Amino acid sequence: MDSKLVSSTVKVDVEGLKKAFKNLYGVDPLLVRSPGRINIIGEHTDYNEGFVMPAAIDKAIYIGISKREDDQVHLFAKDYEQTHTVALSALAPSEKGWPNYILGVADQLQKRGYTLGGFNLYIDGDVPLGAGLSSSAAVECATAYALDQLFSLSVAQLDLALIAQKAEHVFAGVSCGIMDQFASVFGKKDHAILLDCRSMEYEYLPLDLGDYKLLLLNTNVKHSLSDSAYNERRSQCEQGVAWVKEKFPEVNSLRDVTLAMLKECVEPKDHNVFVKCRFVVAEIERLGRAADFLKQGNLDALGKLMLETHDGLSKDYEVSCSELDFLVDRVRDLDFVLGARMMGGGFGGCTINIVKTAYIDELIKTVSAGYLQEFGLKLDAYVVETASGTSQIIEY
Ligand code: GAF
């Protein structure tokens, strides 16, 4: 890991964070940055032992942390202007929500036998919340790494991501896969990560977009069913695997499943489960082709696959929403847009678009006007660059 980052991607006022920390807690903090993520392609495949292709971005969570003499945990979140205090021996999910991504990590570390002491923590950042850019994973990974550094725990890099993921399961109640936390920890500037979520082997793929850039269009909606629907999709996939396994015992996940197996074992039992599993099997296969296209520099073909992914997520997997579909439909036939799709868990958040640089301003203007007219909502747009993963900040 690029663990002592002298970062050119630090965007938040770190000097301000340091001062605020000192005002609040009376000492200087150790500073950690952990990025949000995008995903080029491979959606809802991580918890099915498939592949994903995320990248860390230049929007990140920043944490200041210091030791305390007692066993108390004192937290402050800049975005919410809220504090939270709890004893290390009594960590439990809080109704406030935001502390859970921090406390869940401390809890997981303790459960794995790491010894922590009381700590002060201040959190700030510029990953838009609820935008599907994994601000929660960034908080978890920043916390895991900050505690690792503060208490000299020597946690392996992959374990940081796994601990962060488990924190999300237990303290936030979302049975997420490993993609977001892995991308936050392992991100590399100018690269996407091709991750095999079964073996956890990965490869950095150069992300050379030439005249194009990655543009995120934020719907500014997060429909409330997103967490429950996410967990439901995961169960539907597991149900599909269980039915296939009755006939093919060697199968352990949708990664091992073919369309023919689904037709034989799942379709007769439950058409809806069949359609959900069919999407995942197709998406895992599509990602293989997408990775080849990216390696060949064939962005045109990659972009077309992104549109296919969107249609599958929308029509078959049913995790899109009218706002996301609108944004993709508005750009899908433009010749300066290579690809577009909803990104992440779904039901809101951002679309990811590969857009010719010269046309980005015009596109934002037109689509924003249409979006406002259709939904009465403001559209936010971010041109994102890739960035390195979780790291300590020593200069900024
Ligand atoms: C969310 C989850 F956290 C990821 O693990 C992944 O499943 C994604 O949705 C869908 O691809 O971001």
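Ligands are counted one by one from 1 in listed order, and the atoms in each one are counted from 1 as well. Just so you know, these numbers come straight off a predicted model, no measurement behind them.
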Item to complete: Kindly state whether the ring of Y202 and the ring of F182 have centres lying under 6.0 angstrom apart.
Response: yes
Response to the item:
Ranked by distance from atom 12 (O) of ligand 1, the top protein heavy atom is D180 OD2, 2.8 Å
Worksheet item: Can you check whether G177 has an N/O within less than 3.5 Å of an N/O in ligand 1?
Response: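 Among all N and O atoms of G177, at least one is under 3.5 Å from an N or O of ligand 1.
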Item to complete: Classify the angle between the aromatic ring planes of Y317 and F279 as parallel (below 30°), tilted (30 to 60°) or perpendicular (above 60°).
Response: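 The rings of Y317 and F279 sit tilted, inter-plane angle from 30° to 60°.
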Worksheet item: In terms of residue, atom name and distance, what is the protein heavy atom nearest to atom 6 (C) of ligand 1?
Response: D46 OD2, 3.3 Å
Worksheet item: Under 4.0 Å from any heavy atom of C176, which atoms of ligand 1 are there?
Response: 2 (C), 3 (F), 5 (O)
Practice prompt. Can you sort out which atoms of ligand 1 are near R37, meaning under 4.0 Å from one of its heavy atoms?
Written response: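 Those of ligand 1 that fall under 4.0 Å from R37 are 12 (O).
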Worksheet entry | Ring-face cation of K59 near Y382 (centre distance under 6.0 Å, axis angle within 45°) |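 Satisfied, under 6.0 Å and within 45°.
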Fill in: OH/Y359: more than 12 non-hydrogen atoms of other groups inside 6.0 Å
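Not buried by this count: 12 neighbours or fewer within 6.0 Å.
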Discussion item. Need the ligand 1 atom indices (1-based, order shown) with element for anything under 4.0 Å from a heavy-atom of H44.
Written reply: 10 (C), 11 (O)
Item to complete: State whether the shortest distance between N or O atoms of Y230 and N or O atoms of ligand 1 falls below 3.5 angstrom.
Response: yes
Worksheet item: Looking only at distance, does G42 have an N or O less than 3.5 Å from an N or O of ligand 1?
Response: no
Discussion item. Please confirm whether the ring centroid of F21 lies under 6.0 Å from the ring centroid of Y62.
Written reply: no
Discussion item. Please verify the inter-ring angle class for W98 with H84; under 30° counts as parallel, over 60° as perpendicular, anything in between as tilted.
Written reply: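 Perpendicular, since the angle between the ring planes exceeds 60°.
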Discussion item. List ligand 1 atoms under 4.0 Å from G344, heavy atoms only on the residue side.
Written reply: 9 (O), 10 (C)
Worksheet item: Does NZ or CZ of K188 lie under 6.0 Å from the centre of the six-membered ring of Y204, at an angle within 45° of the ring axis?
Response: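 Yes, a cation-pi geometry holds between K188 and Y204.
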Worksheet item: More than 12 heavy atoms of other residues, nucleotides or ligands under 6.0 Å from NZ of K365: is that the case?
Response: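 At most 12 heavy atoms, drawn from other residues, nucleotides or ligands, come within 6.0 Å of this atom.
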Worksheet item: Ring centroid separation for F326 and F375, is it under 6.0 angstrom?
Response: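 For F326 and F375, the ring centres are under 6.0 Å apart.
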Fill in: Within reach of ligand 1, part of R234 (heavy-atom separation under 4.0 Å)
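Neither; nothing of R234 gets under 4.0 Å from ligand 1.
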Worksheet item: Just distances here: any N/O of N39 and N/O of ligand 1 closer than 3.5 Å?
Response: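 No: no nitrogen or oxygen of N39 is under 3.5 Å from one in ligand 1.
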Worksheet item: Looking at ligand 1, does any of its N/O atoms fall within less than 3.5 Å of an N/O of S134?
Response: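 No, no N or O pair falls under 3.5 Å.
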Worksheet item: Looking at ligand 1, does any of its N/O atoms fall within less than 3.5 Å of an N/O of Y47?
Response: no
Discussion item. Which of the numbered atoms in ligand 1 are under 4.0 angstrom from any heavy atom belonging to M179?
Written reply: 6 (C), 8 (C), 11 (O)
